[in-house]
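As structure tokens, the structure follows; a few thoughts come after it.
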Amino acid sequence: MRSHTCGELRKSHVGQRVQLCGWVDTVRDHGGVIFIDLRDRYGVTQVIFDPRDSQEAWDRAQGSRGEYVIRIEGTVEPRPADMANPKLATGEIEVRSNTITVLNRSATPPFPLDDEEAAKVSEDLRMAYRYLDLRRPQMQKNMRYRHEMVQAIRVYLDRAGFTDIETPMMTKSTPEGARDYLVPSRILPGTFYALPQSPQQYKQLLMLAGFDRYYQVARCFRDEDLRADRQPEFTQIDMELSFVTPEDIYGIIDGLLAIIMKAAGHGEIALPLPRMKYDDAMNRFGSDKPDVRFGMEMTDVSDVFAGTQLKVFAGVLAKGGVVKALNAKGQGNTSLSVMDDWTAMAKDAGLGGLAYIRVSPEGEWKSPIAKFLSEGERQGLTKKLGMQPGDLVMFGADKLATVNTALGRIRLIAGEAAGLIDPKKFAFTWVTDFPLFERNDEGELQAMHHPFTSPHAEDLAFLDSDPLRVRAQAYDIVLNGVELGGGSIRIHDPELQARMFKILGIPTAEIEDRFGHLIRAFGYGAPPHGGIALGLDRLIMLMVGGESIRDVIAFPKTQKAMDLMMNAPARVDAKQLRDVHIRLDLPVENPATGPASG
RNA sequence: GGGGACGUAGCUCAAUUGGUUAGAGUACCAGAUUGUCGAUCUGGGUGUUGCGGGUUCGAGUCCCGUCGUCCCCGCCA
């Protein structure tokens, strides 16, 4: 139907007879001559209709409206030099047309389809008409980027000897971790499949099967609450390798990320990517996914306050807590109302409050705590924090973990407020040596990563005596404060795996029921192996500078996990429920509300 | 589950202390217009103020409930 796309005609095509197809972007009717900007995913070309060329074509052009689908035939002509449009790649030419076919008409779109206007439109409307939203150049670009990056990843991994293997979407629920999406079985009444939270066990079994290097662009499902960077279904670049150390994984991912940065047009990055131990990440940045685009690290000032008159700090230190500080350089003029907001945030994060000192340009310390500070403490703080006139210093005092987390959050918003975060910068870091276990709310041990994660060999001695001290061979890759992915070296020894389950307090019968297949498999010669999974949506989001992974997913869900275009989830027929042996037990208060079937 | 922001024309927004017929830009429709490219000019308001209830002489505005979207906390091995 077409000889060219709407993005490719140049001066070199002048004189050629061409056929173009696309959507009407705009119609400019001058009474005589009519201009139509014709758009497809490749670009925009100006088409000119003159009644002297063809009255019939002119009539149809005049009747065309935005988003009509048309096909035109015409001759490529140069534009007079002063009428070229530098905003268009095709701006030096136009197509003089005497033939136009309206392939399809369009209703008036419910919102403007140009990027600038659409950015202001409420997101629910864009989602309800996602197919129109996707017509916008920005969304076309995002989807195209996504495609190109996945292509680059596949080529890279193929060359590195990886095999792409699909694993089941209908699998078995594993009660740890996230809530599962369940699929009822019709054939076996009362039983359910679960959609995979990740292909974790399958990929480990593939190592056992001898597939050496596996990868998959894997869809994963987690029934948890949504965020800007979390969707109930998302995509991972999932991989697993046999006979590897963490170094091997770092090397492969470093190379992969370098390729992706290049494919996204962000140039070369220095390799190897920087690394940081988990403890350092927590102590310096207060996060296991530190944003290392800027400094403003935490400093432990407990020693400065060793004999302090300040009761709050003294009390914390007496109980074995710490006092840590952030110096927001040059932010001494931060308003009290902002400080109130940040204090509320600190309290929300578990601190009793947020002590702070605003240093005036003259060097005067303006602070509710200033009068309690001794000269020695003043000097100690000045020296240790490099305090200068105009600085803002904030303190957190509590248990180490609480202070770290709370000040870590304050660091991010204070850094943002101070304009320290360069949105064009890409700062990667590995975070290594995660703890193997953590305590949950009930005080029980649970696996920080997952129960198949291998402990550090040198920490094995503490596995029973001091499990919280045991480090895992687990690692995350972080970009600009976003967790891009994580993985670990797995346990391949069935005895150690059984020991892990025991330490985690999983009863023997339950181990057999939930993991018996895995332990049995590991009894048949499991190679040492490890892997990693990268969140593809987050990666693409960061590469295209998006605010949310919804920007890089063609058909995302809302915060209530609804698809506003399909109207999913929806009710189903009683017969469908009977087939899968399900009887509904709905809350009584408002049975009429909720998503209607449709 | 909790905290916060928002909901008025197709879209983005305005509307004084609760006060007359709810406006503007844009889109849309009609007409004019032969070099525009955010075309221009003239004319046209197309509205269940998300929904339900309440207070009031009178509600877009106040109160209660509810629905929806977004951000954050919890949650996400």
Side-chain angles (χ1 to χ4, degrees), chain A residues 25-38 44-53 58 62 65-67 77 79-80 82-88 90-91 94 96 107-114 116-129 174-180 197-198 200-201 220-232 234 341 344-345 347-350 405 409 412-413 434 436-438 440-441 445-453 472 474 483 486 488 500 504 533 535 547-548 550 557-560 562 564 589-590 592-595:
Chain A
D25 208 49
T26 53
V27 181
R28 291 181 296 280
D29 176 359
H30 287 261
V33 69
I34 293 172
F35 298 101
I36 286 184
D37 285 345
L38 191 60
V44 173
T45 299
Q46 174 166 286
V47 185
I48 181 169
F49 296 89
D50 191 314
R52 291 170 297 196
D53 295 331
W58 186 91
Q62 201 196 30
R65 295 291 179 270
E67 302 311 312
E77 294 187 346
R79 295 205 206 176
D82 56 329
M83 286 174 201
N85 185 351
K87 290 184 202 161
L88 290 182
T90 61
E94 63 195 358
R96 178 169 290 272
T108 302
F111 58 90
L113 295 189
D114 65 290
E116 208 172 314
E117 292 298 315
K120 302 176 197 159
V121 173
S122 69
E123 202 170 344
D124 49 335
L125 191 71
R126 289 172 44 206
M127 288 304 163
Y129 295 90
T174 53
E176 316 60 39
R179 204 172 287 114
D180 285 314
Q197 297 179 22
S198 82
Q200 183 61 36
Q201 294 187 40
C220 304
F221 304 85
R222 295 179 189 177
D223 185 4
E224 297 292 347
D225 286 344
L226 285 72
R227 290 282 190 286
D229 62 353
R230 276 168 26 195
Q231 284 272 306
F234 62 101
D341 287 349
M345 202 169 297
K347 285 180 176 169
D348 192 50
T405 312
R409 278 187 209 165
L412 287 178
I413 58 161
F434 274 76
L436 187 62
F437 300 107
E438 62 188 346
N440 64 19
D441 293 339
L445 281 184
Q446 63 182 37
M448 194 151 175
H449 186 52
H450 57 55
F452 318 114
T453 303
E483 181 193 327
S488 63
M500 277 291 290
L504 288 168
E547 297 281 305
S548 154
R550 296 188 298 274
K557 291 181 175 56
T558 69
Q559 199 159 42
K560 288 227 169 91
M562 301 236 312
L564 294 180
E589 62 259 31
N590 207 349
T593 60

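Remember, it's a predicted structure, so these values are computed and weren't measured experimentally. In the text below, chain A, chain B and the rest are named by the order of the sequence lines, each starting its count at 1.
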Give [X] one of three labels, base, sugar-phosphate or nothing, depending on what nucleic acid heavy atoms sit under 4.0 Å from its own.
X: A:M127; result: nothing
X: A:E94; result: base
X: A:Q200; result: base
X: A:A349; result: nothing

Measuring from the side chain of [X] (C-beta onward, heavy atoms only), which nucleotide among [options] has the closest atom?
X: A:R409; options: B:C37, B:C73, B:G35; answer: B:C73
X: A:K560; options: B:C72, B:U36, B:G68; answer: B:G68
X: A:K87; options: B:G38, B:G35, B:C37; answer: B:G38
X: A:Q62; options: B:U36, B:U33, B:C75; answer: B:U33
X: A:A228; options: B:U34, B:U36, B:C72; answer: B:C72
X: A:Q559; options: B:G74, B:G35, B:C72; answer: B:C72

Provide the Watson-Crick or G-U wobble partner of [N], both distances under 3.5 Å; none if there is no partner.
N: B:G19; value: B:C57
N: B:C70; value: B:G4
N: B:C28; value: B:G44
N: B:G52; value: B:C64
N: B:G35; value: none

Atom pair distance, as rounded to whole Å: [atom1] in [X] and [atom2] in [N]:
X: A:D225; N: B:C70; atom1: CG; atom2: C1'; value: 14 Å
X: A:D348; N: B:C71; atom1: CG; atom2: C1'; value: 14 Å
X: A:D229; N: B:C76; atom1: CG; atom2: P; value: 15 Å
X: A:D25; N: B:A27; atom1: CG; atom2: P; value: 13 Å
X: A:N440; N: B:C75; atom1: CG; atom2: C1'; value: 13 Å
X: A:E123; N: B:G68; atom1: CD; atom2: P; value: 16 Å
X: A:D114; N: B:U26; atom1: CG; atom2: P; value: 14 Å
X: A:F49; N: B:A39; atom1: CZ; atom2: P; value: 16 Å

Reckon [X] has a side-chain N or O less than 4.0 Å from the OP1 or OP2 of [N]?
X: A:R227; N: B:C75; value: no
X: A:T558; N: B:U69; value: yes
X: A:R28; N: B:U36; value: no
X: A:R550; N: B:U69; value: no

Would you say the side chains of A:N85 and A:Q46 form a donor-acceptor pair under 3.5 Å?
no
Inspect the contact between A:R230 and A:D225 and indicate whether a charged nitrogen and a carboxylate oxygen are less than 4.0 angstrom apart.
no
Whole-angstrom distance between [N] and [M], as gauged at atom [atom1]:
N: B:U17; M: B:U61; atom1: C1'; answer: 10 Å
N: B:U33; M: B:U42; atom1: P; answer: 15 Å
N: B:C64; M: B:G3; atom1: P; answer: 14 Å
N: B:C41; M: B:U21; atom1: C1'; answer: 29 Å
N: B:C13; M: B:G52; atom1: C1'; answer: 26 Å
N: B:G18; M: B:A59; atom1: P; answer: 14 Å
N: B:G47; M: B:U8; atom1: C1'; answer: 8 Å
N: B:G65; M: B:A27; atom1: C1'; answer: 35 Å

For the pair A:H30 and A:F35, evaluate side chain to side chain contact (heavy atoms under 4.5 Å, CB included) and give the outcome as yes or no after the intermediate values.
CA-CA 8 Å; A:H30 287 261; A:F35 298 101; 3.8 Å; yes
Around A:F221, counting heavy atoms of other residues, nucleotides and ligands shown, do more than 12 lie under 6.0 Å from its CZ?
yes
Find out whether A:I34 and A:R28 are in side-chain contact, i.e. whether some heavy atom of one side chain is under 4.5 Å from a heavy atom of the other.
no
So, A:E224 side chain and A:R179 main chain: donor-acceptor pair closer than 3.5 Å or not?
yes
Would A:R227 and A:S548 count as a side chain to side chain contact (heavy atoms under 4.5 Å, CB included) if you check the C-alpha gap in whole Å, the side-chain angles of each, and the deciding distance to 0.1 Å?
CA-CA 8 Å; A:R227 290 282 190 286; A:S548 154; over 6 Å; no
Donor-acceptor pair under 3.5 Å, A:R230 side chain vs B:C75 base:
yes
Between A:R96 and A:S548, whichever has its closest RNA chain B nucleotide further toward 5' is A:R96
Nucleotide N/O to protein N/O under 3.5 Å, stretch nucleotides 2-11 of chain B:
unit_1, atom_1, unit_2, atom_2, d
B:G10, O2', A:P110, O, 2.6

